[in-house]
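Everything on this sheet refers to the single structure shown next.
Reminder, nothing fancy here: chain letters follow the sequence lines and each chain counts from 1. Both backbone and side-chain heavy atoms feed into the values below; hydrogens, waters and symmetry mates do not.
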There are 2 protein chains.
Amino acid sequence: MAEQADVARRAPLSRARILRTAVALADDAGIAALSMRNLAQELGVVPMALYKHVANKDELLDGMIDEVVAEIDPPAADGDWKHTIRRRVLSARQMLRRHPWASLAIETRDTATPGVLAYLDSMVGAFRAGGFSVDLAHHVMHAMGSRILGFSQELFDASRRAGRSGTSGPEPSAVFPPEAAARFPHLAEVAGAASHEDGSVVGSGCDDQFEFEFALDLLLDGVERLHRQGWTSSEPGMSSTAARVLPADRMTSG
Amino acid sequence: MAEQADVARRAPLSRARILRTAVALADDAGIAALSMRNLAQELGVVPMALYKHVANKDELLDGMIDEVVAEIDPPAADGDWKHTIRRRVLSARQMLRRHPWASLAIETRDTATPGVLAYLDSMVGAFRAGGFSVDLAHHVMHAMGSRILGFSQELFDASRRAGRSGTSGPEPSAVFPPEAAARFPHLAEVAGAASHEDGSVVGSGCDDQFEFEFALDLLLDGVERLHRQGWTSSEPGMSSTAARVLPADRMTSG
DNA sequence: CTCCTTGGTGTACGCCGTACACCTATGGTC
DNA sequence: GACCATAGGTGTACGGCGTACACCAAGGAG
């Protein structure tokens, strides 16, 4: 009990405490540094002790994911669908920025956690409540979940990282090393323009939040247009979908 | 040379052969099964032999990425920007389907490979050639590279995988186990509708290729609209960007 | 003939996840 | 109070990983 202070030298190690500590450790040291051994040490306990509370490392990761997904604001009751979706998506994004490991962890898991499913479900629910057909809601969810360029998570992260030689970095221009600029002139042009255009962005080259909202609004506005004109998948209303130029590009969809 | 057939018992192990074999192994057995030891065994060689041709495993992965990125069709010279972009993106997608490990591998690397940079550069070039301002091209690239829902790569992959109990799976409905359907009614509704709507989709629930092109065209059409109306970031022309509802949601972008 | 370089080998180290046997308090039952 | 089942922390050990480092065989150059 409380009498023997040194026997209860630590808080008594529960699944919840393990998950909280694991999230904190991944936040601080990166997901690569999250080993069962490191986590155990952080908790002042031997590695195998963890296995009395989580089945294995995969289950630990699942727990961590649901832990952070729960941080996403619940859907707002007021407002139209667009407002609701927008706020929710931005809240999810804030969570992902707080926990940079989460995005990759979620995508890596081979089966979605209950928390993730609940989030997606409530998102579909918001579209449905806004009068969307099941059909349109379905396709819109896909559109919001897919990345058109297959990769390059935050597009210029790589080039930005390549230019970092310290945390100070007061030089906003020349994000590219010169030889890269020669090889990739268009990227260099874009990167250069981005670093000049706005004083509110200090050293990083471009305003991630602006870019994200640009993409979000581009999509939401398109979706709103489809919704208003009563789009259905059997009779597509999008211009280029009707006049599809590359029927041969369709794959076998296996 | 060719005289001693047993001395040259294998093709002489070059960087190119290592990369080709590594790609094939990752394609077949999954990226998790690609260890230096496994790869060496596949090549009939001792693990440390690989290190005479690649610096370490990270560099091996970089090489593999450039290997598969090179499979993306070069940009078409003819046609308008939309045609060019669309074809290129779809070609990239086909590559990513051939090499399911590639998408994650590319996103995991902390510095973009030359091949990836070249691909992105040519993409920006296509927009520029289509008359896009540097500004718009920049933001559009971000929009195409970002995923609005922060995760869930192919949205219903997870639920689909949860329902797989074999390769046959002749039952298109009930993608969800019933208890999950009760907890996530909207997802269940969407998943159920998807499995009924089209005879061309056999067992998988929804047509990934259709979903992808839906998202692609939604974005391209929105982009075309912005382009036509001379959008600039200083004076946004998108409806919801002008009447932004949630200024407080903006983060410090740091 | 000697020597240097190129490329494959063998051993070994420290990390990882985790199976398994063990120990030790706790609390319920008689 | 005696007994014992159970929950939870411990210690050891195994196989796999990436890779540092010393070694060695073959071939070309002087």
Side-chain angles (χ1 to χ4, degrees), chain A residues 1-23 25-26 28-65 101 104-105 108-111, chain B residues 1-23 25-26 28-65 101 104-105 108-111:
Chain A
M1 304 286 185
E3 303 171 4
Q4 302 127 304
D6 63 320
V7 168
R9 63 267 191 173
R10 291 276 178 283
L13 192 61
S14 62
R15 181 181 163 91
R17 204 164 81 88
I18 289 177
L19 293 182
R20 276 200 316 269
T21 308
V23 166
L25 203 155
D28 292 351
I31 193 74
L34 180 78
S35 67
M36 297 302 271
R37 286 166 150 94
N38 276 346
L39 177 55
Q41 186 170 15
E42 194 82 7
L43 288 159
V45 109
V46 92
M48 289 309 294
L50 304 175
Y51 288 86
K52 290 281 152 72
H53 302 271
V54 298
N56 49 46
K57 192 174 181 182
D58 272 2
E59 214 231 24
L60 173 75
L61 286 170
D62 282 349
M64 292 170 64
I65 287 169
W101 50 271
L104 211 71
T108 308
R109 303 252 61 70
D110 56 346
T111 164
Chain B
M1 302 284 185
E3 302 172 5
Q4 301 127 302
D6 63 320
V7 168
R9 63 271 192 169
R10 293 276 178 281
L13 192 60
S14 62
R15 181 181 163 89
R17 202 163 81 89
I18 289 178
L19 292 182
R20 276 201 317 268
T21 308
V23 167
L25 204 156
D28 293 351
I31 193 75
L34 181 78
S35 66
M36 297 302 271
R37 287 166 151 93
N38 276 346
L39 178 55
Q41 185 169 18
E42 195 81 9
L43 288 159
V45 109
V46 91
M48 289 309 294
L50 304 175
Y51 288 85
K52 290 283 153 70
H53 301 272
V54 297
N56 49 47
K57 193 176 181 180
D58 272 2
E59 213 231 25
L60 172 75
L61 286 171
D62 282 350
M64 292 170 64
I65 287 169
W101 51 270
L104 211 71
T108 307
R109 303 253 60 70
D110 56 345
T111 164

Take atom CG of N38(B) and atom P of dG15(D), then tell me their distance rounded to the nearest Å.
17 Å

From CG of L39(A) over to C1' of dG17(C), roughly how many Å is that when rounded to an integer?
13 Å

Looking at dG7(C), dG18(D), dC16(C), which one has an atom nearest to any side-chain atom of S35(A)?
dC16(C)

More than 12 non-hydrogen atoms from neighbouring residues, nucleotides or ligands closer than 6.0 Å to CD on Q41(A), yes or no?
no

If you look at every strand shown and take non-hydrogen atoms under 4.0 Å, does K52(B) touch a base, only sugar-phosphate, or nothing?
base

Heavy-atom distance under 4.5 Å between the side chains of L61(B) and T108(B), does that happen here?
no

From dG8(C), dG9(D), dT19(D), nucleotide with atom closest to P47(B) side chain
dT19(D)

Measure the distance from CG on N56(A) to P on dG17(C) and round it to the nearest whole Å.
11 Å

R37(B) has its side chain closest, among dG9(D), dG8(C), dT19(D), to dT19(D)

Quick check for you: among dG18(D), dG8(C), dT18(C), whose closest atom lies nearest to any side-chain atom of M36(B)?
dG18(D)

Is there a side-chain polar atom (N or O) of H53(B) under 4.0 Å from OP1 or OP2 of dG8(C)?
yes

Separation of atom CG in D58(B) from atom C1' in dT19(D), rounded to whole Å:
12 Å

In whole angstroms, the gap separating P of dG10(C) from CG of L50(B) amounts to 14 Å

What's the closest nucleotide to the side chain of M48(B) if the choices are dT18(C), dC21(D), dG8(C)?
dC21(D)

May I have the distance from I18(B) (atom CD1) to dG7(C) (atom P), rounded to whole angstrom?
11 Å

With the side chain counted from C-beta on, respond yes when M36(A) and V54(A) share a heavy-atom pair under 4.5 Å apart, and no when they do not.
yes

Spacing between L34(B) atom CG and dC17(D) atom P, to the nearest angstrom:
10 Å

Are the side chains of L43(A) and L39(A) in touch, meaning some heavy atoms are under 4.5 Å apart?
yes

What pair of heavy atoms forms the shortest contact from A40(B) to P47(B), and how long is it?
CB-CA, 3.4 Å

Protein-nucleotide distance (Q41(B), atom CD; dG16(D), atom P), rounded to Å:
11 Å

